[in-house]
Peer 1: 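Before we start, here is the structure in question, set down as structure tokens.
Ligands are counted one by one from 1 in listed order, and the atoms in each one are counted from 1 as well.
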Amino acid sequence: MSGHTEILSLRSVGHSFGGFSVLKNVNFSVPHGSIVGLIGPNGSGKTTLFNVISGYIRHQHGLVAYDGHNMQAESIQARSSAGLVRTFQTPKVFEQMTVLENIMAGACKLTRSGVIEDIFSLPRSRADMRRIFELAEEACLKFGMEKLRHDLALRLPAGQRRVLEIARAVIGRPRLLMLDEPSSGLNTNEIASLRRWIEQLRAEGIAILLVSHDMELMTVADCVHVLYFGEIIASGGMDEIQKNTQVREVYLGA
Ligand SMILES: Nc1ncnc2c1ncn2[C@@H]1O[C@H](COP(=O)(O)OP(=O)(O)O)[C@@H](O)[C@H]1O
Ligand SMILES: [Mg+2]
């Protein structure tokens, strides 16, 4: 355990695409073991910020510190090995692999291109593979996918693909789990399960950075930041945010 109170710290983070400034002076932190929310209208820069933090984009300004270390020079794989794990707004599942195999892939390192290497072609000991298999079986149970575990991922409906992606992320033992719109495409019951899992993961000591348009789900967060055209315009508990006049005007449409 490090001496830092924050697992993630963003200081004056800025990024432009072709001269168009998408992130401007973004400052916030994720304390160890906390749930931090990020909301904002479409196009406000939430996914770009996830790409910056996880290393898919080299940002131009400011500091991204993970567990007290400047991440600027670190690759996607190095960040993921250090426990900085994210999911994607559009779930990335391996359609021709089973649910169980998809989850097992989460225990293996990502390649530079972001494509996971064929887990069965890697030289691993039988004991390693057995352990990964057991962890994947556990994850299937934990996320309610035990009946689907031998089905090909291509058969899964949208909601289950999201759950599969989260299960795969969690098997990689994250210390900071970043979820990009995990509730989109989920029905009310599935969102209720998602909320329970998020709370359970936090209880296990995993810090979570959550992006969602579901305001009810966002009440799970200890603190929520509102991103608007690349700038944080408000921060606080969801009840505070919902009362904020500027936020109501620009985002909640009230
Ligand atoms: N790779 C890219 N190249 C150019 N513009 C991009 C790229 N990725 C995102 N953008 C632009 O950045 C802005 C923020 O997008 P995004 O981060 O996806 O927002 P959000 O996730 O909040 O909906 C949008 O205007 C989008 O068109
Ligand atoms: Mg997005």
Peer 1: Give every protein N, O or S atom lying under 2.8 Å from the Mg ion (ligand 2), naming each by residue and atom.
Peer 2: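 Protein N/O/S atoms under 2.8 Å of the Mg ion (ligand 2): Thr47 OG1, Gln89 OE1.
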Peer 1: Is the side chain of Ser34 donor-acceptor paired with the backbone N or O of Val30 at a distance under 3.5 Å, no angle test?
Peer 2: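 No, Ser34 side chain to Val30 backbone: no donor-acceptor pair under 3.5 Å.
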Peer 1: Is the side chain of Lys142 donor-acceptor paired with the backbone N or O of Trp197 at a distance under 3.5 Å, no angle test?
Peer 2: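 Side chain of Lys142 to backbone of Trp197, a donor-acceptor pair under 3.5 Å: no, none is there.
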Peer 1: Does Glu165 use its side chain to pair, donor to acceptor, with the backbone of Val93 at less than 3.5 Å?
Peer 2: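 Not at all, since once roles are kept as given, no pair shorter than 3.5 Å links the two residues.
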Peer 1: At a heavy-atom distance under 4.0 Å, which protein residues reach ligand 1? Sort them by chain and number, would you?
Peer 2: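 Residue list for ligand 1: Phe17, Phe20, Val22, Pro41, Asn42, Gly43, Ser44, Gly45, Lys46, Thr47, Thr48.
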Peer 1: Classify the angle between the aromatic ring planes of His225 and Phe28 as parallel (below 30°), tilted (30 to 60°) or perpendicular (above 60°).
Peer 2: parallel
Peer 1: Which residues satisfy the side chain to side chain contact (heavy atoms under 4.5 Å, CB included) test with Ser184, sequence neighbours excluded?
Peer 2: Arg162, Glu181
Peer 1: Minimum heavy-atom separation for Ser16 to Ser21, with atom names?
Peer 2: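 For Ser16 versus Ser21, the nearest heavy atoms are OG-CA, 3.7 Å.
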Peer 1: Using the test salt bridge (Lys or Arg N to Asp or Glu O under 4.0 Å), find all partners of Arg195 that sit at least two apart in sequence or belong to another chain.
Peer 2: Glu199
Peer 1: Any cation-pi pair here, Arg131 with Phe133, using under 6.0 Å and within 45°?
Peer 2: no
Peer 1: Honestly curious: do Val13 and Leu8 fall in one hydrophobic cluster under the side-chain, below-4.5 Å linking rule?
Peer 2: yes
